[in-house]
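In what follows, every chain begins at residue 1, and chains take the letters A, B, ... in the order their sequences are listed.
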Amino acid sequence: MLDAAGGRTPSTHPALRHCVELLRLHLASPSLAAAKQLHARALRAGVPPSHPLLAKHLLFHLASLRAPPLRYAVAVLTRILPDPDPFSLNTVLRIAASSPRPRACARLLSLRDGERIHAEAAKNGFATLVFVKNSLVHLYGACGLFESAHRVFDEIPVRERNLVSWNSMLNGFAANGRPNEVLTVFRAMMDVDFAPDGFTMVSVLTACAEIGALALGRRVHMYLAKVGLVGNSHVGNALIDLYAKCGSVDDARKVFEEMGTGRTVVSWTSLIVGLAVNGFGKEALELFGVMEREKLVPTEITMVGVLYACSHCGLVDDGFMYFDRMKEEYGITPRIEHLGCMVDLLGRAGKVEKAYDYIVTMPLEPNTVVWRTLLGACAMHKTRRHSGDYVLLSNLYAAVGRWADVHVLRKTMVKDGVRKNPGHSLVELRNSVYEFVMGDRSHPESEQIYRMLAQIAERLRREGYIPRTSNVLADIEEEEKETALNYHSERLAIAFALLKSLPSTPIRIVKNLRVCGDCHTAIKLISKIYDREIIVRDCNRFHHFKGGSCSCKDYW
DNA sequence: TAACTTCGAT
């Protein structure tokens, strides 16, 4: 191919050679400004804008930036369409997938409707190259476009599928709350004897943690030891998180100890957060102290864990002390999560007015979570005006025109009201996880389960248990109320576990919504009556029920 | 020079 002007081949155009050389040199410390400058200079010197070599090197440079500019990358790519080389195509897909908002990037690439880039890739035959397909799987997965991800994955001939193909699939599901799909794909991977690596196993462990599959997690742990992947620090961290999310703090600690020098700040953070959410706030803070003595620098997530621990232990002054130290010693600018912790800290301690003042004067715009934290504090300390608080807050949002928040709040009310949008509970028995939704009769042994439930209700009554029912349920008929409460998904799951599991083992429940006040009281009693340890993980905390009491002391 | 990880306030 000859360049019309100079008769040289494009790749030897001196300005281009120079540009490519400099782009390469700058890779050690990539800079957007430098790249743009070099690009402009090359174009001025007469390098054709659609020159594939220019695009290729420019894109690679952009991809190595900390926050790659997708728009610019797409503009560069567009210049060389419809004949992009696979490398350039792949680089742009990579940039899109790693961006904080992959969905928006996919739209920019017309991936969702029209699927332009995808079609372009297919047209040129490049999509048959496995690494382009892997990037597509990754991008679709990151966007939550699972059908598309699956389709591309299925298009890759089985022999050509590599570890990246499998991991991109698994990661897409794991990062987007689809734990069951992760386990399904992992099984398929095992079926064809594909050897997993650390990336694979992090996705698998994340999935186990999400559904609270402790027994499965233990088996995975043993497998990891067998294949020698326990030394991988990412895997170790995922294990700490898994055990903590399954309520097994001792196991989390053990993994942490065994990691030895392989520990990173993420390991410390995972255990600190794990201790805090399990109700071991003091231990979490002690661990943070040890971490500081070891001269490790906490991240903003570490500080979320520390502040969380303070608020759940009622350590108001310590909370403020850590908050100040976070800013001054570690130079971390508070994010909305940290401010949310501070509101929770004040609110839980009964300083509701102060919490409100804090919200209106804080440097960031409060979001729904912050308001809801305040609402939680109101509910905690003025329980009688509970449903009134919803209305009050709803009006407050409406008054300032925050209709989205009004909508979220209404949804919360419906959710708490349990009439629509039922909560579900997961319970693990040996190697399987069973799911129950309120009033569910789809389980093959549901007759037996409901008989058990009736027995439990009877014994609860004899213990003097009277459901209070929350005000949100006020518009439900008396009889329906009783049904709603007795058939809450966690109760079905507990009845099932009482029937089926070994009496010596704790019952572990994972619930998507919060345990309601009545169920909390009921489960306390059940733990006493049936002399069973019951561990419930709900949307934001753990409840360890034993002998009629619960580890969470602070809100019921 | 072609990929992807783990921890987060209600």
Side-chain angles (χ1 to χ4, degrees), chain A residues 23-24 27 56-57 59-61 63-64 85-91 93-94 97-98 129-139 141-142 162-172 174-175 197-206 209 232-242 244-245 252 264-274 276-277 298-312 334-345 347-348 366-377 379-380 408-409 412 415-416 513-514 538-541 555:
Chain A
L23 281 170
R24 275 225 190 103
L27 268 182
K56 185 172 151 179
H57 286 273
L59 288 171
F60 189 70
H61 193 95
S64 58
D85 61 297
F87 184 92
S88 300
L89 201 52
N90 192 52
T91 308
L93 290 174
R94 226 155 37 88
S98 64
L129 290 171
V130 69
F131 65 82
V132 176
K133 285 207 170 163
N134 288 345
S135 292
L136 269 169
V137 170
H138 175 214
L139 179 59
N162 58 24
L163 199 51
V164 181
S165 323
W166 288 101
N167 287 353
S168 299
M169 256 330 248
L170 290 165
N171 180 50
D197 67 354
F199 289 97
T200 322
M201 298 320 291
V202 166
S203 293
V204 172
L205 291 170
T206 305
N232 179 314
S233 71
H234 291 286
V235 168
N237 297 339
L239 275 170
I240 294 174
D241 183 54
L242 164 83
K245 284 219 171 85
T264 65
V265 65
V266 180
S267 325
W268 290 83
T269 304
S270 302
L271 190 56
I272 288 169
V273 172
V277 298
T299 66
E300 51 187 30
I301 305 173
T302 318
M303 296 316 295
V304 168
V306 168
L307 297 176
Y308 185 95
C310 291
S311 78
H312 286 258
R335 307 215 332 195
I336 196 72
E337 288 91 339
H338 302 111
L339 298 170
C341 286
M342 302 312 283
V343 172
D344 193 49
L345 185 68
R348 256 175 221 282
N367 62 8
T368 4
V369 179
V370 170
W371 286 117
R372 216 176 304 159
T373 305
L374 183 69
L375 175 67
M380 202 190 300
V408 169
L409 188 66
T412 313
K415 238 161 72 175
D416 290 348
L513 299 177
R514 227 186 232 231
D538 70 11
C539 58
N540 62 353
R541 64 197 299 114
Y555 76 111

Mind checking A:Ser135 for me? I need base, sugar-phosphate or nothing, with any heavy atom below 4.0 Å counting as a touch.
nothing

Nucleotide nearest A:Thr206 when distance is taken to its side chain, options B:dT1, B:dT6, B:dG8
B:dT6

Rounded to whole angstroms, how far apart are CG on A:Leu170 and C1' on B:dT6?
15 Å

Please check: side-chain N/O of A:His338 versus main-chain N/O of A:Glu300, any donor-acceptor pairing under 3.5 Å?
yes

Touch class at under 4.0 angstrom, heavy-atom based, for A:Asp241 against every strand present
sugar-phosphate

Between A:His312 and B:dT10, does any side-chain N or O lie under 4.0 Å from OP1 or OP2?
yes

Under 3.5 Å, side chain of A:Asn237 to main-chain N/O of A:Ser233, donor-acceptor pair present?
yes

Picking from B:dG8, B:dT10, B:dT5, the nucleotide nearest the side-chain atoms of A:Asp344 would be B:dT10

Would you mind reading off the distance between A:Arg372 atom CZ and B:dT10 atom P, rounded to a whole angstrom?
11 Å

Nearest heavy-atom contact between A:Asp197 and A:Thr200 is OD1-OG1, 2.8 Å

Candidates B:dA9, B:dC4, B:dT1 - which lies nearest the side chain of A:Val369:
B:dA9

Does any non-hydrogen side-chain atom of A:Ile272 lie less than 4.5 Å from one of A:Thr302?
yes

Tell me the interatomic distance from A:Trp268, atom CH2, to B:dG8, atom C1', rounded to whole angstroms.
19 Å

Considering residues at least two apart in sequence or located in another chain, which fulfil the side chain to side chain contact (heavy atoms under 4.5 Å, CB included) criterion with A:Asp344?
A:Ser311, A:His312, A:Arg348, A:Thr373

Regarding A:His234, tell me which of base, sugar-phosphate or nothing describes its non-hydrogen contacts under 4.0 Å with the strands shown.
base

Candidates B:dA3, B:dA9, B:dT1 - which lies nearest the side chain of A:Lys56
B:dT1

Interatomic distance where CZ belongs to A:Arg541 and P belongs to B:dT10 [whole Å]
8 Å

Across the strands shown, which category fits A:Ile336 at heavy-atom distances under 4.0 angstrom: base, sugar-phosphate, nothing?
base

Any A:Lys245 side-chain N or O less than 4.0 Å from OP1/OP2 of B:dT6
no

Between C1' of B:dA9 and OH of A:Tyr308, the distance in whole Å:
8 Å

In whole Å, I'd like the distance from the CD1 atom of A:Ile272 to the C1' atom of B:dT6.
15 Å

Decide yes or no for A:Leu27 and A:Phe60: does some side-chain heavy atom of the first lie under 4.5 Å from some side-chain heavy atom of the second?
yes

Separation of atom CG in A:Leu59 from atom P in B:dA3, rounded to whole Å:
13 Å

Nearest to the A:His57 side chain among B:dC7, B:dT10, B:dT1, which nucleotide is it?
B:dT1

Would you mind reading off the distance between A:Leu129 atom CG and B:dA3 atom C1', rounded to a whole angstrom?
15 Å

Just to be sure I understand the rule, does A:Thr269 reach a base, reach only the sugar-phosphate, or reach nothing, if contact means heavy atoms closer than 4.0 Å?
base

Which of B:dT10, B:dC4, B:dA9 is nearest the side chain of A:Phe199? It is B:dC4

Which part of the nucleic acid, if any, lies within contact of A:Arg24, taking any heavy atom under 4.0 Å across all strands shown: a base, the sugar-phosphate backbone alone, or nothing?
nothing

If the condition is side chain to side chain contact (heavy atoms under 4.5 Å, CB included), which residues does A:Ala142 pass it with, not counting sequence neighbours?
A:Pro102

Between the base of B:dA9 and the side chain of A:Asn367, is one N or O donor paired with an acceptor at under 3.5 angstrom?
yes

What does A:Val164 touch in the nucleic acid at a heavy-atom separation under 4.0 angstrom: a base, only the sugar-phosphate, or nothing?
base

Among B:dT6, B:dT1, B:dG8, which is the nearest nucleotide to the side chain of A:Asn237?
B:dT6

With a 4.0 Å cutoff (strictly under), does any side-chain N or O of A:Arg348 reach OP1 or OP2 of B:dT10?
yes

Considering only side-chain heavy atoms of A:Asn171, which listed nucleotide, B:dT1, B:dG8, B:dT5, is closest?
B:dT5

Selection from B:dC4, B:dG8, B:dC7 that lies nearest to any side-chain heavy atom of A:Val266
B:dC7

